[in-house]
Amino acid sequence: MKKIVIAIDGHSSSGKSTMAKDLAKEIGYTYLDTGAMYRAVTLYCIQHGFFEGEKIKEDALKAAIDHIDLSFRLNAETGRPDTYLNGVNVEKEIRGMEVADKVSPVATLGFVRRALVAKQQEMGKAKGIVMDGRDIGTVVFPDAELKLFVTASPEVRAKRRVDELEAKGIPASYEEVLENVKKRDYIDSTREEGPLRQADDALVLDNSHMTLEEQKAWLLEQYHKTIGS
Ligand code: DC
């Protein structure tokens, strides 16, 4: 059967990762969480003292970027890929509030974006991949056969993030998370390079009032329509 690239972009905590993972599993595609790559680079910066308050030591990160190895390995327990930073499983650390707070400024850096976009293009060149992020349909794979833009209200997204963190045993306050969601929306959509933007040919899904099952069914339908089956 014809293999395609499926680009899923949208706001943070819009549920796009869950949708993308479920779809990939269902149709036997590889799943790539590009947000996890920006998060892992941010964790590297924290671990190596590259932050001075909110500011990043750009020169230090520039010198290190080619030595940051990112990979994904399937976690047999969850059935989903875990993120590895230089060979170490960092899946839990990259989902915490410290990384969430610092990731947007890292993701605005042009040299970071160029390095990660190149890796993503390499990982997707054989097709048969579902990639989720912010700039997949606009920058990474502008020719993707199926492009989706997923969104929901900031309040719905903050509630989802709190539930997700709590399920992983990471305590979180709703107000703090809501603030973080809004701040990230702003930085993500106003940055110069690879801003969060809906591709002209993307299908838009506002899932504020949809169940996971409804989203899954809708997405599967779009996939079948695209491949013509
Ligand atoms: O999807 P997420 O919340 O895990 O993404 C984490 C951060 O990385 C978010 O602030 C936006 C940024 N990001 C990006 O700039 N480009 C991508 N392709 C994916 C994520």
Side-chain angles (χ1 to χ4, degrees), residues 5-27 29 31-39 78-80 94-97 99-101 103-104 107-108 130-141 144-191 194-226:
V5 172
I6 302 175
I8 306 191
D9 290 306
H11 289 106
S12 62
S13 305
S14 59
K16 60 187 174 357
S17 305
T18 308
M19 289 174 72
K21 279 175 205 163
D22 287 351
L23 177 69
K25 204 168 176 184
E26 180 94 24
I27 63 177
Y29 272 28
Y31 164 68
L32 185 66
D33 176 358
T34 62
M37 298 171 77
Y38 289 93
R39 286 169 179 266
T78 61
R80 290 175 172 176
I94 62 166
R95 306 294 166 192
M97 281 308 289
V99 169
D101 255 345
V103 62
S104 275
T108 60
V130 182
M131 217 177 264
D132 89 62
R134 304 291 188 287
D135 57 345
I136 311 303
T138 51
V139 175
V140 184
F141 283 105
E145 289 84 350
L146 177 57
K147 296 183 191 179
L148 304 159
F149 189 86
V150 188
T151 189
S153 72
E155 290 74 19
V156 167
R157 290 186 280 130
K159 168 86 176 57
R160 286 181 187 156
R161 183 70 104 184
V162 169
D163 292 347
E164 196 182 292
L165 288 167
E166 284 179 353
K168 286 182 182 159
I170 305 170
S173 102
Y174 171 77
E175 281 72 26
E176 204 180 312
V177 173
L178 179 60
E179 190 62 27
N180 177 264
V181 162
K182 288 184 178 167
K183 189 170 146 193
R184 280 204 287 159
D185 282 359
Y186 179 77
I187 301 178
D188 290 348
S189 48
T190 54
R191 70 172 168 239
L196 169 64
R197 185 174 69 75
Q198 186 190 316
D200 295 337
D201 50 352
L203 301 171
V204 181
L205 178 72
D206 181 333
N207 63 14
S208 298
H209 306 292
M210 283 171 92
T211 64
L212 276 180
E213 284 312 310
E214 286 167 343
Q215 294 173 51
K216 210 170 151 174
W218 180 84
L219 191 52
L220 201 56
E221 193 185 323
Q222 307 314 317
Y223 163 72
H224 284 300
K225 270 190 199 159
T226 307

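Remember, predicted model here, so these are calculated numbers, not experimental data.
Remark: Arg134 pairs with Asp188 by the salt bridge (charged side-chain N to carboxylate O under 4.0 Å, His left out) rule, at least two apart or across chains. Every residue meeting the side chain to side chain donor-acceptor pair (under 3.5 Å) condition with Asn207, not counting sequence neighbours, appears here in chain and number order: Arg160, Gln215. Taking Lys25 as the reference, nothing meets the salt bridge (charged side-chain N to carboxylate O under 4.0 Å, His left out) condition, with sequence neighbours excluded. Qualifying side chain to side chain donor-acceptor pair (under 3.5 Å) partners for Thr18, counting only residues two or more places apart in sequence or in other chains: none. Applying the side-chain contact (heavy atoms from CB on, under 4.5 Å) rule to Asp132 yields the partners Ile8, Lys16, Ser17, Ala20, Tyr31, Asp33; only residues at least two apart in sequence or on another chain are considered. By the side chain to side chain donor-acceptor pair (under 3.5 Å) test, Asn180 pairs with Asp101, Arg184, sequence neighbours left out. Residues satisfying the side chain to side chain donor-acceptor pair (under 3.5 Å) test with Asp135, not counting sequence neighbours, are Arg113.
Surrounding OH of Tyr174 are more than 12 heavy atoms belonging to other residues, nucleotides or ligands, all under 6.0 Å away.
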Taking only distance into account, with no hydrogens and no angle test, what donor-acceptor pairs under 3.5 Å do side-chain atoms of residues 194-203 form with protein atoms, sequence neighbours excluded?
residue : atom : partner : partner atom : Å
Asp201  : OD1  : Lys147  : NZ           : 3.1
Asp201  : OD2  : Lys147  : NZ           : 3.3

Q: Before giving the answer on side chain to side chain contact (heavy atoms under 4.5 Å, CB included), spell out for Met19 and Val130 the whole-Å C-alpha distance, their side-chain angles and the decisive distance to 0.1 Å.
A: CA-CA 10 Å; Met19 289 174 72; Val130 182; over 6 Å; no

Apply the test side chain to side chain contact (heavy atoms under 4.5 Å, CB included) to residues Ile27 and Ile6: give CA-CA distance (whole Å), side-chain angles for both, the deciding distance (0.1 Å), then the verdict.
CA-CA 11 Å; Ile27 63 177; Ile6 302 175; 3.9 Å; yes

Applying side chain to side chain contact (heavy atoms under 4.5 Å, CB included), run through Val162 and Leu178 and close with a yes or a no. CA-CA 9 Å; Val162 169; Leu178 179 60; over 6 Å; no

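Put simply, the side chain of Arg157 never gets that close to the backbone of Ser13: no donor and acceptor are under 3.5 Å apart. With Ser208 contributing its side chain and Ser153 its backbone, the two residues share a donor-acceptor pair below 3.5 Å. The main-chain N or O of Ile94 is found under 3.5 Å from a side-chain atom of Arg39 such that the two form a donor-acceptor pair.
Residue pairs meeting the salt bridge (charged side-chain N to carboxylate O under 4.0 Å, His left out) criterion with at least one member in residues 163-183, sequence neighbours excluded: Lys159-Asp163, Arg161-Glu164. For residues 205-216, there are no salt bridge (charged side-chain N to carboxylate O under 4.0 Å, His left out) pairs, not counting sequence neighbours.
Annotation: side chain of Asp185 is in contact with side chain of Ser12 (closest heavy-atom distance under 4.5 Å).
Rounding to the nearest 0.5 Å gives a distance of 4.0 Å between CD1 of Ile136 and OG1 of Thr34. The CH2 atom of Trp218 sits 7.5 Å away from the CE atom of Met210 when rounded to the nearest 0.5 Å. Between the CZ atom in Phe141 and the CG atom in Asp9 there is a gap of 12.0 Å [rounded to 0.5 Å].
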